[in-house]
Novice: 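So that we are looking at the same thing, I have put the structure below in structure tokens.
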There are 2 protein chains.
Amino acid sequence: MDITIKDVALKANVSIATVSRVLNQSKPVSKAVRERVLEVVEELGFNPNPVARTLIMKESRLIGVLIPGIENMFISIFVQAIEEELFKHNYTTLLCNTNRDLDVELHYLKLLKEKYVDGVVLLTSAPKPKQIQFFENHAVPVVFASHTDQEGRFSCINIDDYQATYDATRYLIQLGHRKIAFFGGPRVYVQIVRRLAGYKQALADYGIEYDEKLIYEQDYDIESGYESGMKLFRQEDRPTAICCVSDMVAIGAIRAADDSGLRVPEDISVMGFDDIPIAKAYRPGITTVRQPVYELGVQAAQMLLKQIREKEDYVPEVKLLPHEIIVRGSCMTVKG
Amino acid sequence: MDITIKDVALKANVSIATVSRVLNQSKPVSKAVRERVLEVVEELGFNPNPVARTLIMKESRLIGVLIPGIENMFISIFVQAIEEELFKHNYTTLLCNTNRDLDVELHYLKLLKEKYVDGVVLLTSAPKPKQIQFFENHAVPVVFASHTDQEGRFSCINIDDYQATYDATRYLIQLGHRKIAFFGGPRVYVQIVRRLAGYKQALADYGIEYDEKLIYEQDYDIESGYESGMKLFRQEDRPTAICCVSDMVAIGAIRAADDSGLRVPEDISVMGFDDIPIAKAYRPGITTVRQPVYELGVQAAQMLLKQIREKEDYVPEVKLLPHEIIVRGSCMTVKG
DNA sequence: CTGTTAGCGCTTTCAT
DNA sequence: ATGAAAGCGCTAACAG
């Protein structure tokens, strides 16, 4: 593979150390020499071999991004945002799909460390003990996304899951709904736990009794929403509203309503979460809790970059971005 | 960073060369020694440093995946498929979003080469001259996706764009439609050119005149479909059907119809492309041309792996996977 | 300011 | 079958 630092040194009549110095500006070099070197570099089209560099410097300009899957547009956009932001700073994204498998996650973490990635963005449930241990042992910069670390050990980027779901539920209540189902993900996710807490609190604040039977624990995708919906609509005395954990789930639920002969929003209100592009295009438009998805990704990248820059001086930060209820057509006042 | 081959050699009382040999099985080692080394490796939890290895071997177990963006679910699923297939074979995915910018593309290609990636999957329009030159100069394994190379220089994985669009158009014609709009992407993409050719041929075969005014060139996303739709529906003497370049475009078009007081499919039939999950869940279900998206990704990965394995012996192959018209609710026979 | 030299952690001749 | 030693391409003391 072509042309090395040696070739440059030779042609410029200097030592390789000098070439290295002008390229990295690590030590002063006389103007004359610097210019000659730069010229030769240009002329030969020399590019330092990043792998050799990594071996010494223990840094790779690679960032690992661990995600649970890409079936949800939220994640696609999030990843795209990270990739674009990192690209600006000359970092490249190593995409690792863990499929929610802890072993795969750990495997990837180990692999990333060996490749000397400069940092990792983790989009998984809560940091599990093994992960925590990993990051404490190896001191690789990390930011957790869609998670809020209470103990201040790790940097996090997220919205306020609790408040967002509280707001969503309250919105439904203010529309007159008293019986509101919750289509959530598995409760092993702290995200779900916190959202559920927001939901419960809203109910409590408005004197509505919490009913465990209205809680459906599935996943974040269309299929889950559909299945939960079909199950729910078979029950008698069904709710007048559903609070969903994602827009995809909402879409599944709406479809299930359709297949059950129910109209949205006339017979049942459905509230989404995320506000991915499809939420706006859907008919009816999906009333939803907007997350600033792209911004979340950008900030995840920036926090990581900051962490890399500041090293030991860096103090973990938890950043909560604002959410917003976007009113469209999938929710309405409950019929008298 | 921890434990190296030296530590193992020391503890096992052998030379580092021997350790290397048992780990790579590159030369015979006596059973006794081998076992002892393996024991120490186990005991110390030694992992060869892949970066040092890359520096010598010029291979990284990294695969670059270049995509134009992730706003379309087709790409997300495609990328996920590649990632999962590569993971099985111990390769990791470097995700590069080019945003359709040729310079970014070239930049990434250069970067990937420097990182000694073992291969790259390219999901972009046609191979442009500079890319072709790149791959010819550097001999890095590559497979083009969603593109069919006529000249047999590069491996490709795709469906038959021409035939697929021909079939879609014919389906619409057989439903009685004579005036069919085409919502496509920019014609700089060979993919679009070939699809357009299929569309035209179908019209011709059924004695329908081709009308340039019915062709809309935008992008693959919802917004594009919506804009094209709004424009189209303002015209008088509007078509009775639309043939779209993606399901997202179809969704945008349906929404536009809705906003224009048109019903789908009663007033206008809309045909999608891809069959992403949302197509099934949408109301009405979107009649569409199914691409085996996931399978496309898996095969892209496999072709690349084969290419890496066989090196010079490898003969570029063009693989076309079958498509299928999925009939749902967004298209119907033309009225009266 | 500049050159010489010793590695980073590994693979691979070349001897033995 | 095994070890010593020479690099892969680069950075960073260490001398001058």
Side-chain angles (χ1 to χ4, degrees), chain A residues 1-41 44-62 110-118 138, chain B residues 1-41 44-62 110-118 138:
Chain A
M1 193 93 66
D2 358 68
I3 150 121
T4 78
I5 197 174
K6 253 187 186 157
D7 302 317
V8 176
L10 214 67
K11 184 144 190 180
N13 274 315
V14 293
S15 72
I16 59 168
T18 301
V19 177
S20 173
R21 288 197 268 258
V22 343
L23 257 24
N24 301 311
Q25 306 184 52
S26 48
K27 288 229 164 149
V29 172
S30 79
K31 201 175 168 198
V33 175
R34 188 179 48 243
E35 277 168 2
R36 185 149 38 89
V37 170
L38 255 16
E39 237 167 58
V40 176
V41 165
L44 262 38
F46 168 68
N47 276 106
N49 181 328
V51 175
R53 212 180 172 121
T54 298
L55 189 56
I56 301 171
M57 314 276 283
K58 274 103 178 67
E59 57 175 53
S60 60
R61 298 205 86 83
L62 248 30
K110 208 178 99 192
L111 183 140
L112 291 177
K113 192 207 65 182
E114 285 171 356
K115 298 246 188 223
Y116 296 109
V117 293
D118 297 344
H138 302 297
Chain B
M1 192 89 68
D2 358 70
I3 150 121
T4 78
I5 197 172
K6 251 185 187 160
D7 303 315
V8 177
L10 214 67
K11 183 143 189 182
N13 275 313
V14 293
S15 72
I16 59 168
T18 302
V19 177
S20 173
R21 288 198 267 258
V22 343
L23 256 26
N24 301 310
Q25 308 183 51
S26 48
K27 286 224 166 154
V29 172
S30 78
K31 201 175 170 198
V33 175
R34 185 176 54 243
E35 277 169 1
R36 185 150 38 88
V37 170
L38 254 17
E39 239 166 54
V40 177
V41 165
L44 263 37
F46 167 67
N47 277 105
N49 180 326
V51 176
R53 214 181 169 117
T54 298
L55 188 55
I56 301 172
M57 314 276 282
K58 276 103 178 65
E59 58 174 53
S60 60
R61 297 207 83 84
L62 247 33
K110 207 178 102 192
L111 184 141
L112 291 177
K113 189 206 67 181
E114 283 171 358
K115 298 244 187 227
Y116 296 109
V117 295
D118 296 344
H138 300 297

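In what follows, every chain begins at residue 1, and chains take the letters A, B, ... in the order their sequences are listed.
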Novice: Return the value, rounded to whole Å, for the distance between atom CG of A:N49 and atom C1' of C:dC10.
Specialist: 14 Å

Novice: Just how far, in rounded Å, is P of C:dT2 from NZ of A:K31?
Specialist: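 These atoms are roughly 14 Å apart.
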
Novice: B:E59: what forms a side-chain contact (heavy atoms from CB on, under 4.5 Å) with it, not counting sequence neighbours?
Specialist: B:M57, B:D118

Novice: What nucleotide, of D:dT2, D:dC8, C:dT2, holds the atom closest to the side chain of B:L55?
Specialist: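 Looking only at side-chain atoms, B:L55 lies closest to D:dC8.
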
Novice: Which atom pairs, donor and acceptor, lie under 3.5 Å between side-chain atoms of residues 23-36 of chain B and protein residues at least two apart or in another chain?
Specialist:
{"unit_1": "B:N24", "atom_1": "OD1", "unit_2": "B:R53", "atom_2": "NH2", "d": "2.6"}
{"unit_1": "B:N24", "atom_1": "ND2", "unit_2": "B:S20", "atom_2": "O", "d": "3.0"}
{"unit_1": "B:N24", "atom_1": "ND2", "unit_2": "B:S20", "atom_2": "OG", "d": "3.2"}
{"unit_1": "B:S30", "atom_1": "OG", "unit_2": "B:V33", "atom_2": "N", "d": "3.4"}
{"unit_1": "B:R34", "atom_1": "NH1", "unit_2": "B:V29", "atom_2": "O", "d": "3.3"}
{"unit_1": "B:R36", "atom_1": "NH1", "unit_2": "B:A12", "atom_2": "O", "d": "2.1"}

Novice: Looking at A:T54, I'd like to know whether one of its side-chain N or O atoms comes within less than 4.0 Å of OP1 or OP2 on D:dC10.
Specialist: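 Answer is no, no contact under 4.0 Å.
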
Novice: Got a sec? Which of residues 14-26 of chain B come in under 4.0 Å of DNA chain D, heavy atoms?
Specialist: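 Contacts with DNA chain D under 4.0 Å: B:V14, B:S15, B:A17, B:T18, B:R21.
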
Novice: Just how far, in rounded Å, is C1' of D:dC10 from CZ of A:F46?
Specialist: 8 Å

Novice: Who passes salt bridge (charged side-chain N to carboxylate O under 4.0 Å, His left out) against A:K11, sequence neighbours left out?
Specialist: A:E43

Novice: What integer distance in Å separates A:K58:NZ from C:dG7:P?
Specialist: 14 Å

Novice: Excluding sequence neighbours, so at least two apart, what forms side chain to side chain donor-acceptor pair (under 3.5 Å) with B:T18?
Specialist: B:S15

Novice: How long is the line joining CD1 of B:I56 and P of C:dC8, in whole Å?
Specialist: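 Rounded to whole Å, this separation is 14 Å.
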
Novice: Where each residue is assigned the nucleotide of DNA chain D containing its nearest heavy atom, which of B:V29 and A:M57 is assigned the position nearer the 5′ end?
Specialist: B:V29

Novice: Nearest to the side chain of B:P28 - C:dT11, C:dT2, D:dA1?
Specialist: D:dA1

Novice: To the nearest 10°, give me the bend of the helix from C:dC1-D:dG16 to C:dT16-D:dA1, comparing the axes of its five terminal pairs at either end.
Specialist: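 The value is 50°.
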
Novice: Under 4.0 Å from any atom of DNA chain C, heavy atoms only: list the residues of residues 5-12 of chain A that qualify, in numerical order.
Specialist: none

Novice: How long is the span from the CG atom in A:L62 to the CG atom in B:L62, to the nearest 0.5 Å?
Specialist: 6.5 Å

Novice: Specify the separation, in whole Å, of atom CZ of B:R53 and atom C1' of D:dG7.
Specialist: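 In whole Å, D:dG7 C1' lies 17 Å from B:R53 CZ.
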
Novice: Can you tell if the side chain of A:N49 reaches within under 4.5 Å of the side chain of B:L55, non-hydrogen atoms only?
Specialist: yes

Novice: Can you work out whether B:P48 or B:K27 has the more 5'-proximal nearest nucleotide on DNA chain C?
Specialist: B:P48

Novice: What is the distance from CZ of A:R34 to P of C:dC1, rounded to the nearest Å?
Specialist: 10 Å

Novice: Would you confirm whether B:K115, through its side chain, and A:S60, through its main-chain N or O, come within 3.5 Å as a donor-acceptor pair?
Specialist: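 At least one qualifying donor-acceptor pair exists.
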
Novice: B:V51 near the nucleic acid: base, sugar-phosphate alone, or nothing, with a heavy-atom cut-off under 4.0 Å?
Specialist: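 Contact class for B:V51: none.
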
Novice: Should A:K113 and B:D2 be marked as a side-chain contact (heavy atoms from CB on, under 4.5 Å) after you check the CA-CA gap, both sets of side-chain angles, and the distance that decides it?
Specialist: CA-CA 11 Å; A:K113 192 207 65 182; B:D2 358 70; 4.3 Å; yes

Novice: Step by step, work out the side-chain contact (heavy atoms from CB on, under 4.5 Å) result for A:F46 and A:V40.
Specialist: CA-CA 8 Å; A:F46 168 68; A:V40 176; over 6 Å; no

Novice: Closest approach of B:V22 and B:V37, non-hydrogen atoms and distance?
Specialist: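 Here B:V22 and B:V37 meet closest at CG2-CG1, 3.7 Å.
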
Novice: Please find the pair of heavy atoms, one from A:N47 and one from B:K110, that lie closest to each other, and give the distance.
Specialist: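 The answer is OD1-CE, 3.6 Å.
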
